[in-house]
Amino acid sequence: MSSFNKRRAEGRDDDDDDVVVVVVDDNNNSNTVTKKKRNNNNLKLKLNNRKPTASNTISYVQVLGTGMDTQDTSPSVLLFFDNQRFIFNAGEGLQRFCTEHKIKLSKIDHIFLSRVCSETAGGLPGLLLTMAGIGEEGLSVNVWGPSDLKYLVDAMKSFIPHAAMVHTRSFGPASISDDTIVNDSQKFRDPIVLVDDEIVKISAHLLFPRSLEGSATKPGEMSVIYVCELPEVKGKFDVKKAQALGLKSGPKYSELQSGKSVKSDRQDIMVHPSDVLGPSVPGPIVLLVDCPTESHVDELLSTSLNNYYTDPNSPPECAKTVNCVIHLSPASVTNNSNYKKWMTKFGPAQHIMAGHEMKNVEIPILKSSARIAARLNYLCPKLFPFKGYWSLQHPDYMDSTVSSTVHASEYCETIPAENLLKFTLRPYVQLGLERSNIPSLTTHSEITKDLLLEIPEIVDAAKNVEHLWHKSSEGCMTPFQDDKAMVEEPLSNANILPSCLENIRRDDMEIVLLGTGSSQPSKYRNVSSIFINLFAKGSLLLDCGEGSLGQLKRRYGVEGADDAVRNLRCVWISHIHADHHAGLARILTHRRNLLKEIPHNPLIVVGPRQLKRFLDAYQRLEDLNMQFLDCNATTETLWNNFENTESNKENDDSLNSDISLFSRGSTMQSYWKSPVDNDVAFPVLKQLKKVLDEAGLDCLISFPVVHCPQSFGIVLKAAERINSVGKLIPGWKIVYSGDTRPCKELEKASSEATVLIHEATFEDGLMDEAIAKNHSTTKEAIDTGEKAGAYRTVLTHFSQRYPKIPVFDEAHAHNTCICFDLMSINMADLPVLPKVMPYIKLLFKDEMTVDDEFDEELGAVEA
């Protein structure tokens, strides 16, 4: 992985790597394998070809409640065997969930998707990146899904190393064009066997949405019922019966136990397994049902699952008893009377409803980060309004959930899925539900009680923090007035209130840090995403790492986050690394669904040009409802050219002006010499300009930084405003560095910034690593802010080796702030921001250590 990071820093892509993509097409129910391979003798795959264990091993299915508390993604299901693991669905947050609950990713052999869309596959990029970093060569994994799954994996090749580790195995109808398939449900009515070995048989039944036969549909609209069948356990071998039938002890005993008939050694007869074996124990059967919309229900009713239905008229030997059905279908579908009647066909099977039951909103899935949020909320509720734990605030949802349970019970017994709920399959004597791993509900008051016992002085600290806000609200901090609380610190911009903050309103703007970690999510920090809340004027996202939608829902609640997504004006992505954009598709599709009945414009996404390849490939699966704009088209030069286009249409020379940021002739410099297509960019720029005006923003300018090819920072500047007495007040200026080494372009762009949000991946003692990976140290970030004259420097993007709070030199704290996930910085609170840091450090006084275990895991994947 270190060599990959070196190539990536030098601007070389993965075209030199061996890429193996395996596609399994089941046309006419035949399995054909197509391999595409590039030559590279240096790459070797570590395949998880573990020898299957005996059929009577330990086995269970378990609900991995990713998204249960935020209802933003489909829960995953783990099918567990001693030496093999199967994951069904990989929604956003799955790898963070696995880290929290110590589920080893290295054991996963197969990932099955019930649909190929952002809701079920949003966590796949992060999951595959993590698996690519395990060991020296990465791990191999098979990814199964209906139709054109390869589009999704192909889309990830620009940012996932060792693409050969991913074996895509698609099944179902082939596409008729880049983004449609033929709805040919009759042809695919029979089950498609995917896995059939000594421990389990997994087959797929396709569900198409209701439409005219032969009509076209999006691949992402097709869903799957997965049937998992464990083999029966043969009855006990009766030695006395075998001897009575004339058999000698030896190999024939084994043949009989394997199901073969043998000739007697002493008698002229054939001995059959039924002659010497006791009654067999039938193998457990589990169904995972994803019926996403009511238009899929008709197809569900006609699926070829007759062998699994309970029929009292059928002979017992022909019946297959289903033990457990896990419903991933949403409540809007499971409440359908036809769906409920269909459920009764499985007789005594245990039905687990995993389609976002509202009771799970009360229980945070990520308890470690929720605990920290609750403690921070006690200390400083202004900066940390999210309490970490909450009670149901949506009685309408609760009522519908309760009633659905009652109505369902009229047909068959159901239980709501809970996080880490198990259904044991083997040993057979333990067949049934297992609740011992379900996390207990910890309340906000219990967290606070523990905090007060642990740090008694936190009570006075919280009062002092509250006093800081009282001082600010009483007008103690006015333009050009020294802050008496900081008299011992050097006079600097930190002590002078910028004129843009004069009489600032709390509904002007706030910065919400949705994710403040680097590389990959940890228990305590999600990956990069910044929500710019402009209140009535809308909002923007600066970077959109995996789980951004879930973080929005934690911060604003389920309904509040929906409003935030509806009102998004623009998303800006700094560079192609997955920790900065893997959550984008989920945001886009969620916004599309929220606005499907309302006239609206596609959302503008500004990003590096490599991102367009990913989004275009994803667009084949489901509509993203967006317009893409290259970051290069939003540089100051391009904006000036756009503004002057009417009067100076011929002046295009400035578009290809040389960038001195990189050494002449380097691979990275060549990216900046590529021209922007005005015919493509200018119409979108025109729309973006309109969006910015409506949001009260004067400009959005991208500028190049030093990280990987096509890496950018951004300047956001608010328009001027007039206060209550008619005075013209300049607009605030926010600068976000993205990932970068310190550079002149960033320092220039940050000049006199109101807030500079700067990455600080490494502590000061790790300068060599920072240089090698094109990141900044804490001191470098602070120095950039001071040189640029920024009023406040906000540090983020911390290495996950610092589990809760990064190493930080207080000597530089007079105008600097360390960020935490879900921290909300209102522009009106900027004067008091640095003064809160000593109290926050008190909160973590015994926890400011490096996570050595995680440090080892990061190794080369940190980028």
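All of these numbers come straight from a predicted model, not from anything done at the bench. Nothing fancy with the numbering, it's 1 onward along the sequence.
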Tell me, with the steps shown, if E546 and R96 meet salt bridge (Lys or Arg N to Asp or Glu O under 4.0 Å). CA-CA 10 Å; E546 178 188 337; R96 191 178 186 194; over 6 Å; no
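- A salt bridge links D783 with K779: the distance from a Lys NZ or Arg NE/NH1/NH2 to an Asp or Glu carboxylate oxygen falls below 4.0 Å.
- With 3.5 Å as the limit, one finds a donor-acceptor pair spanning the side chains of T516 and D821.
- Using modelled atom types, one finds no donor on one side chain facing an acceptor on the other under 3.5 Å when comparing N640 with E636.
- Under the 3.5 Å distance criterion, the side-chain polar atoms of Q95 are matched with a main-chain donor or acceptor of G126.
- Paired with L588 under the rule side-chain contact (heavy atoms from CB on, under 4.5 Å), one option of L603, N625, L568, D623 passes, and it is L603.
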Test L128 against L124 for side-chain contact (heavy atoms from CB on, under 4.5 Å), laying out the working first. CA-CA 6 Å; L128 296 179; L124 201 56; 3.9 Å; yes
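- Distance alone, capped at 3.5 Å, places no donor-acceptor pair between the S751 side chain and the K748 backbone.
- Within 6.0 Å of NZ on K689 lie more than 12 heavy atoms contributed by other residues, nucleotides or ligands.
- Between the side chains of R792 and T754, no donor-acceptor pair is found at a separation under 3.5 Å.
- Checked by atom type and distance alone, the side chain of E720 never pairs as donor or acceptor with a backbone atom of L728 at under 3.5 Å.
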Start with the C-alpha gap between S529 and D543, add the side-chain angles, then the distance that decides, and say whether side-chain hydrogen bond (donor to acceptor under 3.5 Å, both in side chains) holds. CA-CA 5 Å; S529 185; D543 280 338; over 6 Å; no
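- In this structure, S499 OG and I504 CD1 are separated by 10.5 Å, a value rounded to the nearest 0.5 Å.
- Ring geometry for H580 versus H575: interplanar angle of 30 to 60°, hence tilted.
- Neither side chain, D562 nor Y556, offers a donor N or O lying under 3.5 Å from an acceptor on the other.
- Without hydrogens or angle criteria, W732 side chain to L716 main chain gives no donor-acceptor distance under 3.5 Å.
- Using a distance-only test at 3.5 Å, with no hydrogens or angles considered, a donor-acceptor pair links the side chain of Y618 to the main chain of S118.
- At least one donor-acceptor pair under 3.5 Å links the side chain of T777 to the backbone N or O of E780.
- With respect to K690 and D693, no salt bridge is recorded, no charged nitrogen being found less than 4.0 Å from a carboxylate O.
- Rounding to the nearest 0.5 Å gives a distance of 4.5 Å between CG of D630 and CG of N632.
- The existence of a salt bridge linking R506 and D829 is confirmed by a sub-4.0 Å separation between a basic side-chain nitrogen and an acidic carboxylate oxygen.
- Residues P742 and S776 meet the side-chain proximity criterion, which asks for heavy atoms closer than 4.5 Å.
- In this structure, a donor-acceptor pair under 3.5 Å is absent between the side chains of D72 and H590.
- For N774 (side chain) and H707 (main-chain N/O), a donor-acceptor pair under 3.5 Å exists by modelled atom type.
- Using a 4.5 Å cut-off on side-chain heavy atoms (C-beta onward), K727 and E502 make contact.
- F628 is listed as a side-chain neighbour of L615, based on a closest heavy-atom distance under 4.5 Å.
- The two residues Q520 and Q800 come nearest to each other via the heavy atoms O-NE2, 2.6 Å.
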Passes side-chain contact (heavy atoms from CB on, under 4.5 Å), I530 versus I757? Steps please. CA-CA 10 Å; I530 302 169; I757 306 171; 3.8 Å; yes
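- Distance CD1/I714 to CG/L542: 5.0 Å, rounded to 0.5 Å.
- Taking a cutoff of 4.0 Å between a charged side-chain nitrogen and a carboxylate oxygen, E694 and R569 qualify as a salt bridge.
- Judged by distance alone, the side chain of S711 and the main-chain N or O of V705 form no donor-acceptor pair under 3.5 Å.
- Counting heavy atoms from C-beta on, the side chains of N826 and L383 never come closer than 4.5 Å.
- To the nearest 0.5 Å, atom CG of residue D563 and atom OG of residue S539 are 10.0 Å apart.
- Interatomic distance, CZ of F703 versus CD1 of I701, reported as 9.5 Å (0.5 Å rounding).
- Using modelled atom types, no side-chain atom of S528 and backbone atom of G545 make a donor-acceptor pair closer than 3.5 Å.
- W639 has its side chain within reach of L688: a pair of non-hydrogen atoms, C-beta onward, lies under 4.5 Å apart.
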Apply ring-ring contact (aromatic ring centres under 6.0 Å, His included) to the pair F614 and H581, showing each step before the final yes or no. CA-CA 10 Å; F614 172 65; H581 68 81; 5.6 Å; yes
Please step through side-chain contact (heavy atoms from CB on, under 4.5 Å) for the pair L594 and V565, ending with a clear verdict. CA-CA 8 Å; L594 291 172; V565 173; 4.1 Å; yes
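- H758 and T793 share no side-chain donor-acceptor pair at under 3.5 Å.
- Figure legend: cation-pi geometry between R525 and F820, with NZ or CZ positioned under 6.0 Å from the six-membered ring centre and within 45° of its axis.
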So I496 and Y791, side-chain contact (heavy atoms from CB on, under 4.5 Å) or not? Walk me through it. CA-CA 8 Å; I496 301 175; Y791 176 61; 5.9 Å; no
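- A side-chain donor-acceptor contact under 3.5 Å links Q551 and R554.
- Put simply, the side chain of R721 gets close to the backbone of C500: a donor and an acceptor are under 3.5 Å apart.
- Note: F642 and F682 have perpendicular aromatic rings, judged against thresholds of 30 and 60 degrees for the angle between ring planes.
- Atom NZ of residue K733 and atom SG of residue C699 lie 8.0 Å apart, to the nearest 0.5 angstrom.
- S702 and W572 share a donor-acceptor pair across their side chains, judged by distance under 3.5 Å alone.
- Side-chain contact annotation: E510 with N533, donor-acceptor N/O pair under 3.5 Å present.
- Within the 4.5 Å cutoff, the side chain of L746 has heavy atoms near those of the V735 side chain.
- Between L552 and I587 the shortest side-chain heavy-atom distance falls below 4.5 Å.
- Closest approach of P521 to V527, counting heavy atoms only: N-CG1, 3.6 Å.
- Counting all heavy atoms, side chain and backbone alike, A681 lies closest to L629 at O-CD1, 3.8 Å.
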